[in-house]
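Remember, it's 1-based here, ligands and their atoms both numbered in the order they're listed.
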Amino acid sequence: MPVSRLPGLHRLTLHERAERVAASAGLVPEEIDALAGGRGLSPEQADAMIENVIGVYGLPLGVATNVVVNGRDHLVPMAVEEPSVVAGLSYAARLVRAGGGFSASTDEPQMIGQIQVLDLADPAAARLRLLAAREELLALADAQDPVLTGLGGGARDVEVRLLAESPVGPMLAVHLVYDTRDAMGANAVNTALEALAPAVERISGGRVGLRILSNLADRRLARAWCRVPRAELALEGLAGDEGVGRIVEAYAFAAADPYRAATHNKGIMNGVDAVALATGNDWRALEAGAHAYASRDGRYRPLTTWERDAAGDLVGSIEFPMAAGTFGGATRSHPLARLGLRILGVEGARQLAEVLAAVGLGQNLAALRALAMEGIQRGHMKLHARQVAMAAGASGALIEAVTARLIAEGTIRVDRAEAILAELRADDEARSGGK
Ligand code: MEV
């Protein structure tokens, strides 16, 4: 099991960090090489993944520390361009660690596939006929993927929903509930749906339209919860008690207002998406599921809750769909995704889902703490200034010089960075010309 508490990791050089993480995660030399950029995704591999490939797009790969989920340490790989996400999660996970770490659970990995049935003379009667044919439909679906059924996955249930009103009149939505085991499962589900379509037409007497997975994976929920001892939330001039109160108030804002809830949930997905990307998972599917679930009762709500418990400590929880896998798709075809899973050290999709839920909760805690207790600008400013300096064209030692001036002046804009850069370059030239 990797050790996730690596104090001072951020102070090492990139190569030293990679070595620390490699040692902790038990990586072999070729894997360390891949981290260094030498053997990541090759143009040839990229060319086989999508269409019209012209290159390979890079993102920073960071590792969040301190994450404990269900008593297990996890180093958390994150592919993300936004500053403060990795540091934020590491910081929040340290606070949670002081309260015993994250606890998490998941449902069975059941996805829902949908078949749209149109042109029905009597939709209600067709619905009953389809429900009566449950066993036939399940057997047909199970015959499509003997490997998955051999591993204990496969068709679990058939539901039929009557959509009485739509812009084109009534229709049925036939749901195939399908256990995809360690895979995200889109391919397996879509294949099974294709196979069911002729039978669904015969039994219903209607015409099949779409046959596609639903991203509202509400049979595959992941949950995480945690406790932060209030002493951990003390800041200079702010007692721990007050820190707890500020975070609960920040949550209350999201609970009362969809405009705030959208941003609150965006912060959660900052972490979830970064880990999804680093492990080859479909982050758009997770986004779609999370936001649809957030509005399941007709009003958009935060995915987390934060409260003060009887002892005065902060307790938080999260629940959302988690269609993530450790098998199939890019988790295998992308060399760095394989590596990401190795660093994370999860055994299977359910454990991955539990870690992702904990990451979402931790990332939210980091954001709320920063916003309610520090003001987000303080933490963000240096990293943001550095990005602005680079965007203005600074390189090498000039990055730090421009960054320092931007912060000192309190104006972090590219036009200002360009002017400072021009000044510093002119100074440099004057100095070297004078030699
Ligand atoms: C920025 O990417 C994310 C935050 O806006 C999240 C939040 O407001 O809770 C800081």
Side-chain angles (χ1 to χ4, degrees), residues 59-64 67 76-96 102 224-226 228 232-233 235 238 242-278 283-284 286-291 293-295 299-308 314-320 356-388 390-391 412-414:
L59 272 180
L61 177 68
V63 169
V67 176
V76 179
M78 307 180 91
V80 63
E81 85 297 346
E82 183 173 328
S84 299
V85 172
V86 176
L89 176 60
S90 304
Y91 187 87
R94 189 153 65 76
L95 303 182
V96 171
F102 296 95
W225 57 100
C226 67
V228 180
E232 298 294 323
L233 293 167
L235 257 191
L238 194 82
E242 216 177 320
V244 172
R246 295 253 185 121
I247 289 171
V248 173
E249 283 168 5
Y251 154 70
F253 185 9
D257 177 22
Y259 284 89
R260 173 57 206 153
T263 323
H264 179 104
N265 290 344
K266 189 270 183 184
I268 292 170
M269 300 311 286
N270 272 347
V272 174
D273 290 348
V275 181
L277 253 175
W283 54 273
R284 286 89 53 211
L286 300 183
E287 285 279 341
H291 298 295
Y293 193 68
S295 35
R299 156 112 186 259
Y300 190 87
R301 296 185 189 282
L303 293 166
T304 58
T305 62
W306 292 100
E307 291 160 325
R308 187 196 301 274
L314 179 71
V315 288
S317 67
I318 190 168
E319 179 184 80
F320 56 152
L356 284 167
V359 165
L361 184 61
Q363 203 73 59
N364 182 228
L365 172 61
L368 298 188
R369 185 193 161 281
L371 289 168
M373 296 175 60
E374 286 185 345
I376 199 81
Q377 274 322 97
R378 194 168 119 189
H380 258 309
M381 188 129 94
K382 176 131 194 237
L383 289 160
H384 176 54
R386 191 178 293 147
Q387 283 195 343
V388 168
M390 284 161 68
I412 301 179
R413 286 201 322 257
V414 176

Nearest heavy-atom neighbours spanning Val272 and Val359 | N-CG1, 3.9 Å
Residue among Leu361, Asn364, Ile268 satisfying side-chain contact (heavy atoms from CB on, under 4.5 Å) with Leu303 = Ile268
Nearest-option assignment for atom 6 (C) of ligand 1, heavy atoms, candidates Thr263, Leu371, Leu368 | Thr263
Crowded around Arg284 CZ? As in, over 12 foreign heavy atoms under 6.0 Å?
-> yes
What part of Arg260, side chain from CB on, backbone N/CA/C/O, both or neither, has a heavy atom under 4.0 Å from ligand 1?
-> side chain
Where ligand 1 meets Glu82 - atom numbers and elements under 4.0 angstrom, heavy-atom basis = 1 (C), 2 (O)
Residue portion contacting ligand 1 (non-hydrogen atoms closer than 4.0 Å) for Asn364 | neither
Hey, are the side chains of Leu368 and His264 touching, using non-hydrogen atoms and a 4.5 Å cut-off?
-> yes
Using a strict cut-off of 4.0 Å, indicate which atoms of ligand 1 neighbour a heavy atom of His264.
-> 9 (O)
Relative to ligand 1, is Asn270 under 4.0 angstrom through side chain, backbone, both or neither, heavy atoms considered?
-> side chain
Please assess Leu233 against Val228 for the test side chain to side chain contact (heavy atoms under 4.5 Å, CB included), listing each intermediate value before the final yes or no.
-> CA-CA 8 Å; Leu233 293 167; Val228 180; 4.0 Å; yes
State the atoms of ligand 1, each with its element, that fall below the 4.0 Å cut-off from a heavy-atom position in Lys266.
-> 1 (C), 2 (O)
Taking the side chain as C-beta and beyond, is there a heavy-atom pair between Phe320 and Asn265 under 4.5 Å?
-> no
